[in-house]
Amino acid sequence: VHLEQSGGGLVQAGASLTLSCAASGRTFTAFLMGWFRQAPGKEREFVATVRWSAGSTYYADSVKGRFTISRDNAKNAVYLQMNSLKPEDTAIYYCAARTRSTAHTGSYFTNRNNYDTWGQGTQVTVSS
């Protein structure tokens with residue numbers, strides 16, 4: 001299974017960007033697909049995730065109300081619409097998938113160690 005990311009780039013504060021992530025390869029079944037980001041000198045942090053079958057979404061407090069995660073089941077793709085971007089959103093954004101189901105919920109979904117497949121990362125830079 002391979003996660004191919006697209007989107008990202010350099011924008012000014014207040015602008016919008018959309019990131020895309022498509023899964024390819026052998027039959028792909030995700031339990032979760034989401035986004036994490038890593039700023040220079042910082043650990044990779046949770047941004048948003050979607051529970052694939054149910055469609056329920058989860059967001060980090062720092063992006064709630066500004067970012068929207070969505071999925072396209074037919075395309076095995078997930079998207080991150082980012083609005084009202086701030087300089088502190090600058091980071092490498094990674095698409096991630098968890099292919100195995102779990103009974104856990106909540107904070108379990110925000111832990112990067114619970115995802116087993118990762119995209120290559122894409123740079124998002126927001127200038128002030």
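Residues: numbered from 1 along the sequence shown.
- Looking at heavy atoms from C-beta onward, Tyr79 lies in side-chain contact with Asp72 at the 4.5 angstrom threshold.
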Between Gln81 and Thr18, does a side-chain hydrogen bond (donor to acceptor under 3.5 Å, both in side chains) hold up when you go through it step by step?
CA-CA 4 Å; Gln81 174 66 43; Thr18 300; 2.5 Å; yes
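- Linking Ile, Leu, Val, Met, Phe, Trp and Tyr whenever their side-chain heavy atoms come within less than 4.5 Å puts Leu17 and Phe67 in one cluster.
- With sequence neighbours excluded, no residue forms a side chain to side chain donor-acceptor pair (under 3.5 Å) with Thr29.
- In the hydrophobic clustering of this structure, Phe109 does not group with Met33; members are Ile, Leu, Val, Met, Phe, Trp, Tyr whose side-chain heavy atoms approach within less than 4.5 Å, directly or through other members.
- Cluster annotation: Val126 is connected to Trp35 through the hydrophobic network of ILVMFWY side chains, with a link wherever side-chain heavy atoms come within less than 4.5 Å.
- Every ring pair (Phe, Tyr, Trp, His ring centres under 6.0 Å) that Phe36 has, sequence neighbours left out, goes to Phe46, Tyr115, Trp118.
- No donor-acceptor pair closer than 3.5 Å links the side chain of Arg98 to the backbone N or O of Ala30.
- A donor-acceptor pair shorter than 3.5 Å cannot be found between the side chains of Gln12 and Ser127.
- Leu32 contributes atom CG, which lies 12.0 Å from atom NE2 of His104 (distance to the nearest 0.5 angstrom).
- The only member of Val124, Val11, Val47 that meets side-chain contact (heavy atoms from CB on, under 4.5 Å) when paired with Met82 is Val124.
- Between Ile69 atom CD1 and Cys21 atom SG the span is 9.5 Å, to the nearest 0.5 Å.
- The pair Lys86-Asp89 does not count as a salt bridge, with every side-chain nitrogen at least 4.0 angstrom from each carboxylate oxygen.
- Shown here for Ala77 and Trp52, the closest heavy-atom pair between the two residues is O-CH2, 3.3 Å.
- Between Lys42 and Gln38, the shortest heavy-atom contact is O-NE2, 3.1 Å.
- Residue Leu19 is grouped with residue Leu85 when hydrophobic side chains (ILVMFWY) are merged at heavy-atom distances under 4.5 angstrom, including chains of intermediate members.
- Hydrophobic clustering, with ILVMFWY side chains joined whenever heavy atoms are under 4.5 angstrom apart, keeps Tyr58 apart from Val78.
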Check against side-chain contact (heavy atoms from CB on, under 4.5 Å), Arg44 and Ile92
CA-CA 9 Å; Arg44 193 170 299 188; Ile92 298 174; over 6 Å; no
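- The side chain to side chain donor-acceptor pair (under 3.5 Å) search around Gln123 returns Thr125, not counting sequence neighbours.
- Residues Asn114 and Arg112 bring no donor and acceptor atom of their side chains to less than 3.5 Å of each other.
- Under the 4.5 Å side-chain criterion, counting only non-hydrogen atoms from C-beta, Phe31 is in contact with Thr102.
- Between Leu3 and Ala23, the shortest heavy-atom distance links the atoms CD2-CB, 3.6 Å.
- Closest of all the heavy-atom pairs between Ala13 and Pro87 is CB-CD, 4.1 Å.
- In this structure, CG on Leu80 lies 9.5 Å from SG on Cys95, to the nearest 0.5 angstrom.
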Go through the steps for Thr117 and Thr99 under the test side-chain contact (heavy atoms from CB on, under 4.5 Å), then give the verdict.
CA-CA 8 Å; Thr117 306; Thr99 57; 4.2 Å; yes
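- Taking the ring axis of Tyr94 as reference, the NZ or CZ atom of Arg37 does not stay both within 45° of it and closer than 6.0 Å to the ring centre.
- At most 12 heavy atoms of other shown residues, nucleotides or ligands fall within 6.0 angstrom of atom NZ in Lys75.
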